[in-house]
Structure formats: structure tokens, C-alpha cells
Peer 1: 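Right, I'll just put the structure down here and ask away after.
Since this is a predicted model, take the numbers as computed values, not measurements.
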Amino acid sequence: MTRVAWISNLDPPGAFPDVSDALREPDGLLAAGGDLSTERLLYAYRHGIFPWYETGQPPLWWSPDPRCVLVPERFHCSRRQWQYIRRSARTLSFNQDFASVIRNCAADRRGLAGTWITPEMERAYSRLHDLGWAHSVEIWEREMLVGGLYGVAIGRLFFGESMFSAMPNASKMALLGLCRELSQRGFVLLDCQLVSPHLLSLGATRISRGEFVKHLASACDPPTKTTDWPRERIPISDLSGH
């Protein structure tokens with residue numbers, strides 16, 4: 001494909017080109033337009049597509065090649081980081097303050113080069129959260145939210161969207177806590193979308209888009225929700241003993 005496909009709001013949720021048609025430059029750009037309805041977003045994730053765009057643009061839909069993924073059991077921390085975690089008094093929670101997590105993720109990205117979370121995206125993912133598809137991980141310093149992340153869980157695959165850190169290592173702790181929980185639940189992959197040196201240092205790796213699509217076909221079928229997340233806050237130091 002040499003041009004980006006245009007999607008109308010009236011088009012059905014699955015009105016995307018095949019991901020193999022995504023552009024090479026910019027890498028992975030597949031389509032533009034459409035809305036961020038729950039149905040369209042869930043279809044997109046199940047087929048290796050995610051939205052990523054700036055305010056003032058139509059929704060832009062991406063499926064990069066290679067894809068950055070993390071096998072939950074392969075999350076990596078240095079010895080120094082493990083020592084920091086063992087001494088930490090912070091706590092971890094799931095889905096206790098989704099609104100604050102996504103708001104902080106959006107604020108963290110404003111003013112930086114590239115895309116950030118638009119108000120339209122905040123509303124769309126909040127709807128997904130209310131329906132049980134989108135989830136947040138929070139890191140607390142006593143009663144203050146100091147870090148976290150959010151994403152979408154479908155079947156046995158978690159699609160990470162964004163994370164923030166208001167204090168050192170807070171987002172890393174959130175990722176560690178999520179990986180531990182996903183591993184216990186038999187999730188096969190945490191999708192990190194785009195390759196970055198930071199994610200690679202934490203154990204993420206590159207796989208081809210074709211390989212990622214194969215994982216989707218098995219891990220997201222059936223497209224079930226994850227509903228029974230831990231309800232109590234978990235001491236971060238507990239994670240160092242596993």
C-alpha cells in the first residue's frame with residue numbers, strides 16, 4: 001500500500017486494511033479516520049492495530065513491524081533495582097484509580113515531541129475501563145499516586161498503552177507488578193507497541209508483525225475479559241521474593 005486508507009465514522013469496526021498493507025515510512029501507519037468506539041478499538045487490538053495521534057489530527061491507526069513485546073516471565077531488573085524494591089515501602093494496586101492514571105499519563109506526554117493522549121482517547125479508554133476491558137496499575141507512596149500504567153486485556157494478551165512516573169522507578173514497579181500478575185494468569189505476551197531502549201533493558205524484545213499476529217489469533221480467541229484483579233494493595237517489597 002502506498003497511501004493511507006481512510007475510514008469513515010459510518011464504516012463498520014472492522015473496516016481496516018490488512019496489517020501487511022501498513023506503510024514502511026512512517027513505519028506501521030495503516031489507516032486514518034473513524035472513531036474510537038469500543039467496538040472499533042477492540043477489533044483493532046485483536047488484529048494488531050492501535051490508535052496513536054495528536055490533537056487536531058484524525059485518529060491514526062498503526063501496526064508497526066517489528067513489534068515490541070515482553071513475555072511476562074522475562075521482565076528484567078538489575079541487582080541494584082531489586083535491592084531498591086526490597087527496601088521500598090510503596091504499594092501496588094490494580095484498577096483503583098484508572099482516571100488518575102490515564103490523566104497523569106496524558107500530562108506526562110504533553111509538551112514532548114510526538115503524540116500524546118488526547119481528551120478523546122481519555123474518554124474512549126475510560127469507557128473501555130468501565131466495560132471491563134481497560135485496566136490500570138497504580139503505585140502509591142502512602143496515599144499519593146506516584147506512578148502507574150494502563151492498557152487493554154483481551155484473552156491472554158495485555159496491550160500496554162502508556163505509563164507515567166512522578167518519582168524514581170515508579171513506572172518500572174508498575175510494570176513489574178503487572179508482569180507478575182499476568183504471569184500468574186497465564187498471559188502469553190505484554191504488547192509494548194514500539195521499540196525503545198528502555199523497554200529492551202527491562203526484558204522486552206522485537207518480533208515480526210507476522211509473528212505478533214499469530215499470537216493474537218491464539219491468545220485473543222475467545223476475546224474474554226479479565227475481571228478478578230486483586231482488590232487489596234500489595235507491598236512492592238513482596239515482589240522481590242518471587
Side-chain angles (χ1 to χ4, degrees), residues 7 9 13-14 16 28 30-64 67-70 92-112 114-139 145 147-166 170-171 174-175 177-179 181-182 187 189-194 199 216 219-220 223-229:
I7 299 174
N9 287 359
F16 291 101
L30 180 69
D35 55 18
L36 298 182
S37 69
T38 295
E39 295 76 17
R40 196 180 306 280
L41 283 168
L42 292 177
Y43 181 94
Y45 280 111
R46 290 177 58 201
H47 293 82
I49 305 163
F50 60 87
W52 198 44
Y53 64 101
E54 296 181 16
T55 295
Q57 295 179 334
L60 300 178
W61 301 90
W62 302 78
S63 185
R67 193 83 168 208
C68 185
V69 299
L70 177 57
L92 164 85
S93 66
F94 295 90
N95 295 315
Q96 288 192 7
D97 200 345
F98 185 91
S100 292
V101 169
I102 193 170
R103 186 168 60 248
N104 276 280
C105 287
D108 220 27
R109 299 173 70 151
R110 292 190 179 112
L112 300 178
T115 58
W116 52 279
I117 301 161
T118 68
E120 183 184 16
M121 290 184 74
E122 281 193 54
R123 291 190 293 270
Y125 285 89
S126 294
R127 286 195 300 270
L128 284 176
H129 174 67
D130 291 341
L131 293 169
W133 294 106
H135 306 281
S136 60
V137 182
E138 300 90 16
I139 299 297
L145 181 67
L149 62 82
Y150 77 95
V152 176
I154 304 176
R156 295 179 295 117
L157 207 148
F158 192 96
F159 302 86
E161 270 299 312
S162 187
M163 55 187 179
F164 83 97
S165 190
S171 61
L175 190 58
L178 176 62
C179 284
E181 186 67 23
L182 297 180
F187 274 61
L189 283 181
L190 166 57
D191 174 32
C192 303
Q193 298 180 347
L194 303 174
L199 289 169
L216 293 172
C220 296
T224 52
K225 299 178 184 179
T226 303
T227 57
D228 55 338
W229 296 87

Peer 1: For the pair D191 (side chain) and V69 (backbone), establish whether a donor and an acceptor sit closer than 3.5 Å, ignoring hydrogens and angles.
Peer 2: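 It does not hold such a pair.
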Peer 1: Restricting to non-hydrogen atoms, name the atom on A32 and the atom on L60 that form the minimum distance, rounded to 0.1 Å.
Peer 2: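 Closest pair (atom of A32, atom of L60, distance): CB-CD2, 3.7 Å.
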Peer 1: Return yes if some donor-acceptor pair links the side-chain N/O of R127 with the main-chain N/O of L36 below 3.5 Å, else return no.
Peer 2: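 Answer holds: yes.
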Peer 1: Would F158 and F187 satisfy ring pair (Phe, Tyr, Trp, His ring centres under 6.0 Å), going step by step from the backbone distance to the final call?
Peer 2: CA-CA 7 Å; F158 192 96; F187 274 61; 7.0 Å; no
Peer 1: Going from CE on M163 to OH on Y150, what distance comes out if it is rounded to the nearest 0.5 angstrom?
Peer 2: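 So the gap between those two atoms works out to 12.5 Å.
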Peer 1: If you round to the nearest 0.5 Å, how far is CZ of R46 from CG of L157?
Peer 2: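 If I round to the nearest 0.5 Å, the distance is 12.0 Å.
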Peer 1: Taking all heavy atoms of L216 and all of H47, pick out the closest pair and write down the distance.
Peer 2: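 Taking every non-hydrogen atom into account, CD1-C, 3.7 Å.
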Peer 1: So do the side chains of P51 and L41 get within less than 4.5 Å of each other, counting heavy atoms only?
Peer 2: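 The answer is yes, as the side chains (C-beta and beyond) meet within the 4.5 Å cut-off.
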Peer 1: Heavy-atom distance under 4.5 Å between the side chains of F159 and C220, does that happen here?
Peer 2: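 The answer is yes; the side chains approach within 4.5 Å.
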Peer 1: Does the side chain to side chain donor-acceptor pair (under 3.5 Å) test come out yes or no for S100 and R103, once each step is laid out?
Peer 2: CA-CA 5 Å; S100 292; R103 186 168 60 248; 3.1 Å; yes
Peer 1: Which value, rounded to the nearest 0.5 Å, describes the distance between I154 atom CD1 and K225 atom NZ?
Peer 2: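 If I round to the nearest 0.5 Å, the distance is 11.0 Å.
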Peer 1: P58 versus Y53: any side-chain heavy-atom pair under 4.5 Å?
Peer 2: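 Sidechains of Y53 and P58: no contact.
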Peer 1: Checking the side chain of E122 only, and the main-chain atoms of A106 only, is there a donor and an acceptor separated by less than 3.5 Å?
Peer 2: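 Judged by distance alone, no pair lies under 3.5 Å.
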Peer 1: Would you call W62 and Q193 a side-chain contact if the rule is heavy atoms closer than 4.5 Å?
Peer 2: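 With C-beta onward as the side chain, the pair stays apart.
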Peer 1: Answer whether the closest heavy-atom distance between the side chains of F50 and P64 falls below 4.5 Å.
Peer 2: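 Result yes, sub-4.5 Å side-chain heavy-atom pair found.
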Peer 1: Nearest 0.5 angstrom please: Y125 OH to I102 CD1, how far?
Peer 2: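 Taking OH in Y125 and CD1 in I102, the distance rounds to 8.0 Å.
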Peer 1: Would you say the side chain of F94 lies within less than 4.5 Å of the side chain of H135, judging by non-hydrogen atoms?
Peer 2: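 The answer is no; the side chains never approach within 4.5 Å.
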Peer 1: State, to 0.1 Å, how close G148 and A174 come at their nearest heavy-atom pair, and which atoms those are.
Peer 2: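 Reported closest heavy-atom pair: CA-CB, 3.9 Å.
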Peer 1: Please report the shortest heavy-atom distance between L70 and C179, naming the atom on each side.
Peer 2: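 Closest approach of L70 to C179, heavy atoms only: CD2-SG, 3.6 Å.
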Peer 1: Do T38 and L128 come close enough that some side-chain heavy atom pair is under 4.5 Å?
Peer 2: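 SC-SC contact between T38 and L128 confirmed.
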Peer 1: Which heavy-atom pair separates V101 from V137 by the least distance, and what is that distance?
Peer 2: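 Minimum heavy-atom separation between V101 and V137: CG2-O, 4.0 Å.
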Peer 1: Which word best sums up how the rings of F16 and W61 line up, parallel for under 30°, tilted for 30 to 60°, or perpendicular for over 60°?
Peer 2: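 Answer is perpendicular, since the angle exceeds 60°.
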Peer 1: Within a strict 4.5 Å, meaning less than it, do heavy atoms of the E120 and T55 side chains meet?
Peer 2: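 The answer is no, as the side chains (C-beta and beyond) never meet within the 4.5 Å cut-off.
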Peer 1: Nearest heavy-atom pair of G147 and A170: which atoms, and what distance?
Peer 2: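 Looking at all heavy atoms of both residues, the shortest contact is CA-CB, 3.7 Å.
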Peer 1: Checking the side chain of E39 only, and the main-chain atoms of P13 only, is there a donor and an acceptor separated by less than 3.5 Å?
Peer 2: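 Here the side-chain-to-backbone pair does not exist.
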Peer 1: Rounded to the nearest 0.5 Å, how far apart are CZ of R67 and CG of L194?
Peer 2: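 If we round to the nearest 0.5 Å, R67:CZ and L194:CG are 8.0 Å apart.
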Peer 1: Can you tell me how far OG of S165 sits from CG of L175, rounded to the nearest 0.5 angstrom?
Peer 2: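 Here the interatomic distance stands at 11.5 Å.
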